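Letters A, B, ... mirror the listed sequences (proteins, then strands); counts begin at 1. Quantities reported herein were computed from a predicted structural model and do not represent experimental measurements. Values below: all heavy atoms of this structure, side chains included; hydrogens, waters and symmetry mates excluded.
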There are 2 protein chains.
Amino acid sequence: MPDAPTAKGRATRARIVEGAAEVLREQGVVFTTLDDIRGRTGTSKSQLFHYFPDGKDELLLAVAQFEADRVLADQQPHLGSLDSWESWYRWRDAVVERYERQGDECPLGSLFLQVGRSRPGSRAIVTELMRQWQEQLARGMRALQAGGLVSPAFDVDRAAAALLAGIQGGVAIMMSTGDTSHLEAALDNAIENLRASATGHTGK
Amino acid sequence: MPDAPTAKGRATRARIVEGAAEVLREQGVVFTTLDDIRGRTGTSKSQLFHYFPDGKDELLLAVAQFEADRVLADQQPHLGSLDSWESWYRWRDAVVERYERQGDECPLGSLFLQVGRSRPGSRAIVTELMRQWQEQLARGMRALQAGGLVSPAFDVDRAAAALLAGIQGGVAIMMSTGDTSHLEAALDNAIENLRASATGHTGK
DNA sequence: CCAAAAATGGACCGGCAAGTCCAGAATGAG
DNA sequence: CTCATTCTGGACTTGCCGGTCCATTTTTGG
């Protein structure tokens with residue numbers, strides 16, 4: 001029952017998902033019990049299973065979707081308008097800041113390791129997130145091309161894929177080492193490649 | 001008792017770690033019990049606690065170290081001698097092939113999510129792995145510089161950090177989507193940047 | 001060959017957390 | 001108003017799994 005008939009029901013369901021997301025971010029998936037979530041959200045066991053009949057996995061999946069939606073939302077409005085060098089730098093700072101704030105907890109990563117193979121839908125969530133993310137990066141690069149700031153010969157798709165990988169890895173490394181330098185290196189490197197392409201094709 | 005007095009003891013301990021690593025890779029940390037490990041390694045409960053008195057966490061940490069060591073070992077001999085373009089391409093292929101073979105299981109990642117904050121040593125393992133990995137990449141780039149294949153102005157440290165991030169992210173994306181294109185894009189992109197630097201400084 | 005230490009086998013315990021159940025309170029339709 | 005539906009509370013069950021314990025066997029050092 002992913003949808004609740006009444007308004008009250010929908011509100012409760014949303015409260016559960018948001019509260020669960022909080023707890024999971026604080027304690028980590030492995031160490032969070034349904035009772036923790038129950039306590040945080042002021043609900044009872046039966047409510048949890050009323051809104052998520054398939055139990056913990058279903059709830060975790062809902063939280064995963066919730067967190068996935070936040071990822072791109074947190075990068076707005078910058079990610080949506082990457083059409084000038086300034087906007088790229090602003091976005092770069094927003095990304096670093098967002099993940100610095102998030103600290104060493106990786107809600108999505110751990111969520112999927114838990115749910116992983118058991119639930120079919122889990123993989124789709126992350127795939128879709130990556131697709132949208134990369135698409136927006138590519139769109140930004142094409143905007144630079146359209147503005148004449150980047151060479152038309154520049155391989156946007158590959159650069160966007162590489163940048164996305166760099167961000168993911170930078171974040172992952174930051175999670176485990178506490179060091180943001182890899183994330184920053186990946187971002188700066190990518191932007192500088194874009195800029196190099198701008199002057200690069202003038203060397204005819 | 002990380003070390004065992006007798007040869008037999010050391011052998012048993014090693015058998016446990018290796019067997020545990022297998023099971024963990026197959027089933028994932030979350031779904032693996034000590035009994036699974038016991039079954040696979042042909043040992044008894046008391047042996048597990050004999051060699052890992054602090055229980056499951058200590059065993060998982062040992063497996064994490066074991067897996068971390070494999071990561072760099074699997075990239076040899078290529079990673080050790082990145083002194084020509086050919087060697088870089090061979091290494092690139094070895095990395096892709098290694099992670100394609102590994103498939104969608106991330107032994108290290110899940111291991112640390114489980115052990116994570118509870119054990120102090122866990123973070124050190126991954127930090128050290130990243131340090132060594134990046135160092136070898138940087139060394140390879142400097143070898144290219146020394147051979148005159150790459151401009152001396154090239155920022156090796158940043159490029160190495162960005163490349164490492166790209167690899168990590170590429171692998172992470174591959175884990176969850178099954179698609180290796182991001183990993184390949186990150187690798188190809190990095191190598192091409194190196195090559196671009198070679199010709200780039202000739203455009204004086 | 002013989003103590004002492006190390007290694008092994010496996011029964012057993014205890015707690016915890018997911019999931020069940022039903023009774024009762026709110027809500028909404030007509 | 002009233003009856004069906006939805007929502008809520010919380011006690012209870014159940015199985016699992018990490019961890020303990022001790023008896024027994026094997027190895028080692030002298």
Side-chain angles (χ1 to χ4, degrees), chain A residues 1-20 23-24 26-64 110-111 113-116 118-119, chain B residues 1-20 23-24 26-64 110-111 113-119 122:
Chain A
M1 270 133 224
D3 47 347
T6 84
K8 190 180 182 186
R10 279 191 300 277
T12 303
R13 189 180 192 279
R15 199 175 78 240
I16 292 173
V17 172
E18 286 169 39
V23 182
L24 289 168
E26 290 169 16
Q27 312 187 345
V29 183
V30 192
F31 307 101
T32 300
T33 73
L34 289 184
D35 271 329
D36 293 333
I37 296 172
R38 214 182 45 64
R40 173 72 60 107
T41 59
T43 52
S44 68
K45 213 61 170 298
S46 69
Q47 281 172 292
L48 260 37
F49 283 87
H50 179 69
Y51 294 105
F52 306 94
D54 283 353
K56 198 179 188 182
D57 278 0
E58 192 182 352
L59 172 55
L60 290 181
L61 201 61
V63 173
S110 45
L111 241 26
L113 282 166
Q114 179 84 12
V115 182
S118 56
R119 286 247 145 196
Chain B
M1 271 132 218
D3 47 348
T6 83
K8 189 180 182 184
R10 278 191 301 276
T12 302
R13 189 179 193 279
R15 199 175 78 240
I16 292 173
V17 172
E18 285 169 40
V23 182
L24 289 169
E26 289 169 17
Q27 313 188 342
V29 183
V30 191
F31 308 101
T32 301
T33 72
L34 289 184
D35 271 329
D36 292 333
I37 296 172
R38 214 181 44 65
R40 174 72 60 106
T41 59
T43 52
S44 69
K45 215 56 169 301
S46 69
Q47 280 173 291
L48 260 37
F49 283 86
H50 180 68
Y51 294 105
F52 306 94
D54 283 352
K56 198 180 188 182
D57 279 359
E58 191 182 354
L59 172 55
L60 290 181
L61 201 61
V63 173
S110 45
L111 241 27
L113 284 166
Q114 179 85 13
V115 181
R117 56 261 275 94
S118 56
R119 287 247 146 197
S122 69

S.K.: In whole Å, what is the span from the CZ atom of A/Arg38 to the C1' atom of C/dC16?
M.R.: 14 Å
S.K.: Could you state the CD-C1' distance from A/Glu58 to C/dG19, rounded to the nearest angstrom?
M.R.: 14 Å
S.K.: For B/Arg40 and B/Glu26, what are the C-alpha separation, side-chain angles and deciding distance, and is it a salt bridge (Lys or Arg N to Asp or Glu O under 4.0 Å)?
M.R.: CA-CA 12 Å; B/Arg40 174 72 60 106; B/Glu26 289 169 17; 2.8 Å; yes
S.K.: Could you check whether any side-chain heavy atom of A/Leu59 comes within less than 4.5 Å of a side-chain heavy atom of A/Tyr51, counting everything from C-beta outward?
M.R.: no
S.K.: Counting just side-chain N and O atoms, does B/Lys56 come under 4.0 Å of either OP1 or OP2 of D/dG18?
M.R.: yes
S.K.: Where along residues 40-47 of chain A does a heavy atom fall under 4.0 Å from DNA chain C?
M.R.: A/Lys45, A/Ser46
S.K.: Just how far, in rounded Å, is C1' of D/dT8 from CG of A/Leu34?
M.R.: 16 Å
S.K.: Using a 4.5 Å cut-off on heavy atoms from C-beta on, say whether the side chain of B/Asp54 contacts that of B/Leu61.
M.R.: no
S.K.: Which whole-number value in Å describes the distance from A/Lys8 NZ to D/dT5 P?
M.R.: 18 Å
S.K.: Locate the shortest heavy-atom distance separating B/Val115 from B/Asp57; write the atom from each residue and the value.
M.R.: CG2-O, 4.3 Å
S.K.: Closest to the A/Tyr51 side chain: C/dA7, C/dA18, D/dC7?
M.R.: D/dC7
S.K.: Check the distance between D/dC21's P and B/Leu48's CG and give it to me in whole angstrom.
M.R.: 17 Å
S.K.: How sharply is the helix from C/dC1-D/dG30 to C/dG30-D/dC1 bent, taking the axes over five pairs at either end and rounding to 10 degrees?
M.R.: 30°
S.K.: Judged by atom type as modelled, is there a donor-acceptor pair below 3.5 Å linking the side chain of B/Gln114 to the main-chain atoms of B/Leu111?
M.R.: no
S.K.: Nearest 0.5 Å, please: how far is CZ in A/Arg38 from OG1 in A/Thr43?
M.R.: 7.0 Å
S.K.: Rounded to whole angstroms, how far apart are CZ on B/Phe49 and P on C/dG9?
M.R.: 16 Å
S.K.: So which atom in B/Phe49 and which in B/Gly55 form the shortest heavy-atom distance, rounded to 0.1 Å?
M.R.: CE2-CA, 3.6 Å
S.K.: Starting from the 5' end of DNA chain D, give me the residue, B/Asp54 or B/Thr6, whose nearest nucleotide shows up first.
M.R.: B/Asp54
S.K.: Nearest whole Å is fine: how far is D/dG9 P from A/Ile16 CD1?
M.R.: 10 Å
S.K.: As a test of reading the structure: which of D/dG18, D/dT6, C/dT27 is closest to the side chain of A/His50, going by heavy atoms?
M.R.: D/dT6
S.K.: Whole angstrom is fine here: how far is it from CG in B/Asp36 over to P in D/dG18?
M.R.: 8 Å
S.K.: Apply side-chain contact (heavy atoms from CB on, under 4.5 Å) to B/Ile16 and B/Phe52, showing your working.
M.R.: CA-CA 10 Å; B/Ile16 292 173; B/Phe52 306 94; 3.8 Å; yes
S.K.: How close do B/Val30 and A/Leu113 get, heavy atom to heavy atom, and via which atoms?
M.R.: CG2-O, 4.0 Å
